Amino acid sequence: MTAPHPLVTRARSLADDLLAPHAEEVDRTEVPVSHLGEIRRSGLLGLQAPREYGGAAASGAVFRETTEILAGACCSTWFVQTQHHTPVLTLARSESPVRERLLGRLASGELLSGVAYAHLRSYPRTPVLVTRDRGGLRFDGTVPWYTGWGLNDVMLLAGVTAEGEALFAFTEAREQPGLRASAPMRLAALTAARTVSLGLDGLRLPEEAVVLRVPYERWSATDRWKTVNANPAVFGIARAALALLDEETANALGSRLERVRREAYALADEAAPHEHVKERLALRTQAYEVLQAATTAAVVTGGGRTMLLTHRAQRLAREALFLLVQGQTQESRRAHLNALAS
């Protein structure tokens, strides 16, 4: 039997010793800086970074397994740190000077990054407009969702130019001239992840902050393939819910879960990103169905006690609701609704 990847072992240790024991408390408050400090020191933030920048260059399978472990232990903490991996990959694929300035610091965990780009998916509506100004760039508009405010060091901010380009640049994750944050939102789940909206009113960044500038259609075509696969966090939370069930129920739901997981990951590994889109979306929907069944069964098993905010089952059920819409696009929403209607 092959030994687990060292970062999988570290993720499991963090999950068992730190994240899971405190997950209900975190859910009622906020993700502690100390939790993120342990993740910074663990090497997990460099999971997908190139080795020459201090990263692990781990496989997709290792990334999926660590996602399952962390999300199943404490979804709020997982969600804050998972934002970090998109900036790392964006820099790794870039030839921008900002790569040399930031990639090593992000891979080591010295810096923790958030992302502010999901609003690009509403194009041709343009929540954030980027214009040239004083030899640099000016950002105006509203970022509806930004996770990790007060916890992240930097953010990868995106907008659309008048020429129809998607433009991504780094800035500090703090209030500054032209950037103001709302109060943290009270949400049905993951309030602890400190999600805010960002108001941009003339935020000016230098050209050297830009990491990616590409025609919107080209960016969108690449982004589309990221949102048709089943989210590994779904399997992590479903497994956490199965642990609360009796053996017979857990075995029945567990068999369904493992089948969907196996087929979803096989497509992710063996097929090109643009292939089998219909099948991928179907498996994504099936993963949600098993997740909802598992978390519902956990609530039913726990009975009236699950209405207490200290009960794990209701937290997992609310986190399942969150995952239904996290990373959602028009395409994935339609596939899910069609499956529900049929």
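In this text, all values refer to a predicted model and were calculated from it rather than measured experimentally. For this chain, numbers begin at 1 and follow the sequence in order.
Using modelled atom types and a 3.5 Å distance limit, the side chains of T171 and Q176 yield a donor-acceptor pair. Under the 3.5 Å distance criterion, with hydrogens and angles disregarded, no donor-acceptor pair is assigned to the side chains of Q286 and R256. When only modelled atom types and interatomic distance are considered, T249 and D246 share a side-chain donor-acceptor pair under 3.5 Å. Counting only N and O atoms by type, the side chains of N231 and Q326 include a donor and acceptor under 3.5 Å apart. Looking only at atom types and distance, the side chain of T195 has a donor-acceptor partner in the side chain of T147 under 3.5 Å away. Side-chain contact, R334 with Q330: no donor N or O sits under 3.5 Å from an acceptor N or O.
Note that R64 lies in the cation-pi zone of Y265, set by a 6.0 Å cut-off to the ring centre and a 45° limit from the axis.
For E25, the salt bridge (Lys or Arg N to Asp or Glu O under 4.0 Å) test picks out no residue, with sequence neighbours left out.
Below 30°, between 30° and 60°, or above 60°: for H336 and Y288 the angle between ring planes is below 30°, a parallel geometry.
In this structure a side-chain-to-backbone donor-acceptor pair under 3.5 Å is missing from E65 to V62.
In this structure, Y146 has its ring center no closer than 6.0 Å to that of Y117.
Identified under the ring-ring contact (aromatic ring centres under 6.0 Å, His included) test for residues 15-47, with sequence neighbours left out: none.
Separating the CG atom in L203 from the CG atom in L157 is a distance of 6.5 Å, to the nearest 0.5 Å.
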